[in-house]
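All values below were derived from every heavy atom in this structure, side-chain atoms included, with hydrogens, water molecules and symmetry-related copies excluded. In the text below, chain A, chain B and the rest are named by the order of the sequence lines, each starting its count at 1.
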There are 2 protein chains.
Amino acid sequence: MDPVVVGRRVRALREERGISLSTLARLAGVGKATLSGLEHGTRNPTLETLWAVTAQLGVPLTALLTEPAAGPTVHGAAVTATLLEVFTDTDATYELYRMRVAPGPGQLSPAHQPGVTEHVTVFAGVLRAGPADAPLTAPAGGHLRWVSDVPHSYTAVGDEEVAASLLLRYPRHREPTDQARTVDPTTEIAIISRPSQEP
Amino acid sequence: MDPVVVGRRVRALREERGISLSTLARLAGVGKATLSGLEHGTRNPTLETLWAVTAQLGVPLTALLTEPAAGPTVHGAAVTATLLEVFTDTDATYELYRMRVAPGPGQLSPAHQPGVTEHVTVFAGVLRAGPADAPLTAPAGGHLRWVSDVPHSYTAVGDEEVAASLLLRYPRHREPTDQARTVDPTTEIAIISRPSQEP
DNA sequence: CGCTGTCGTTCCGTAAACGGAACAGTCGGG
DNA sequence: CCCGACTGTTCCGTTTACGGAACGACAGCG
């Protein structure tokens with residue numbers, strides 16, 4: 001792990017909050033020299049120092065050291081999705097992904113079960129996604145939503161990689177499939193990136 | 001964060017692999033005294049030391065530093081938000097939260113830095129949120145977006161608790177060189193929702 | 001112009017984290 | 001028994017990360 005990367009992230013997080021190095025050092029109870037060296041990557045910070053700084057920034061230590069893939073990640077032709085959270089509600093099951101779409105020819109995904117909807121929030125780049133016969137387009141900051149019981153596509157418009165969050169909503173209608181539709185992330189992810197057998 | 005907890009995890013990981021303290025110290029290239037003190041929590045380890053040890057154990061640093069069960073949760077009057085992920089892009093830093101809004105009187109949050117936008121996807125319930133003087137409403141499946149450089153509110157409509165995902169976008173700070181003002185996607189969003197001008 | 005405050009960096013003495021060596025304790029073989 | 005190889009802990013000199021102070025740069029104000 002590169003201490004320079006850690007330092008850049010600390011500085012970025014600090015500047016986003018609009019507080020100065022001196023102020024953050026005082027709030028975190030560390031010396032200004034320590035914080036300055038930490039942000040430049042010229043020091044080899046102590047766990048205590050990192051903890052004090054990140055606690056004041058309100059982020060977990062993971063935010064600085066997030067080199068490994070936190071969750072199960074799938075790679076498709078153009079789409080790379082990381083599962084962030086799965087949770088069930090009274091009437092539906094939700095899966096929240098962080099998605100990246102590489103520029104190029106895009107990717108086609110098969111239909112989901114009836115009633116499944118997808119909700120995409122675009123962070124960066126321009127994304128064209130939705131039903132294969134009528135895709136929608138959204139720039140950074142935009143939002144897309146469609147019923148994905150038909151084949152649907154994901155395509156990055158332009159040369160920039162698209163970053164987005166993808167929410168899949170599976171309505172709870174009792175599925176008597178013997179295949180024990182579990183909440184196993186791997187099977188769910190497989191649906192996204194890889195054609196699965198239609199029943 | 002308790003260094004004793006970190007030490008216990010290191011020792012547990014090491015013993016799971018059936019290797020001795022001496023050999024791990026030798027493989028990781030750290031002194032036995034360092035590793036012993038680290039496992040006992042009597043030292044305040046350096047990032048370099050932690051990295052060397054975890055690399056030999058084959059686990060990410062987060063395995064030692066991640067909080068049990070979840071990230072930090074922010075509790076407000078009506079809003080409970082847990083930070084899921086922080087990631088930085090070329091243009092901005094994003095913080096993705098899972099948010100719950102309890103029914104009843106809402107909650108008012110102070111303004112963020114200029115250019116910061118919030119993106120909310122509602123999973124369940126009906127949410128009214130946005131700038132305090134002009135909030136927006138979205139049912140389950142809906143999506144809200146606003147520029148949060150003004151005080152903004154979160155309110156659950158009805159008796160049902162609201163579940164949603166909240167994305168905070170902090171654009172990278174670039175001091176206003178108006179002559180070099182390029183087509184920044186943030187600008188478009190700002191115009192749509194609220195014309196934020198320099199004071 | 002100086003005065004005053006804050007910005008971030010650099011200098012420096014001190015405290016402590018570091019690696020190497022020496023330490024007691026344990027196991028198995030000659 | 002003795003020995004050697006090993007365990008993990010403790011001692012110690014060196015290295016270095018630490019916080020405080022001093023520094024130059026910049027901005028607002030009289």
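- Nucleotides of DNA chain C that come within less than 4.0 Å of any heavy atom of chain B span, from the 5' end to the 3' end, C:dA17 to C:dA22.
- B:T80 contributes atom OG1, which lies 7.5 Å from atom CD of B:E161 (distance to the nearest 0.5 angstrom).
- Neither OP1 nor OP2 of D:dG8 sits under 4.0 Å from any side-chain N or O of B:S36.
- Using a 4.0 Å cut-off, no side-chain N or O of B:R43 falls inside it from OP1 or OP2 of D:dA17.
- Put simply, CD on A:E48 is 15 Å from P on D:dA17, counting in whole angstrom units.
- In the region residues 20-31 of chain B, proximity to DNA chain C at under 4.0 angstrom, judged on heavy atoms, holds for B:G29, B:V30, B:G31.
- Considering only heavy atoms from C-beta on, A:L47 stays 4.5 Å or farther from B:T49 through its side chain.
- The distance from atom CE of B:M99 to atom OG1 of B:T121, rounded to the nearest 0.5 Å, is 9.5 Å.
- For the pairing with B:E39, the side-chain contact (heavy atoms from CB on, under 4.5 Å) check across B:R9, B:R14, B:R8 returns one residue only, B:R14.
- Map B:I19 and B:T46 each onto its nearest nucleotide of DNA chain D; the residue landing nearer the 5' end is B:I19.
- Nearest heavy atoms, A:R43 versus A:L38: CB-N, 4.5 Å.
- In this structure, A:Q107 contributes its side chain and A:V79 its backbone to a donor-acceptor pair below 3.5 Å.
- Between A:A132 and A:P135, the closest heavy-atom pair is O-CD, 3.8 Å.
- The CG atom of A:L38 sits 12 Å away from the P atom of D:dA17 (whole-angstrom rounding).
- In this structure, A:H40 and B:T49 both approach DNA chain C, and ranking their closest nucleotides by distance from the 5' end singles out A:H40.
- The line from OG1 of A:T23 to CG of A:L35 is 10.5 Å long, rounded to the nearest 0.5 Å.
- No side-chain heavy atom of A:E160 sits less than 4.5 Å from a side-chain heavy atom of A:V126.
- Heavy-atom nearest nucleotides on DNA chain D were determined for A:L50 and for B:E39, and the one closer to the 5' end corresponds to B:E39.
- Computed from coordinates, the A:K32 NZ to D:dG24 P distance equals 14 Å when rounded to whole Å.
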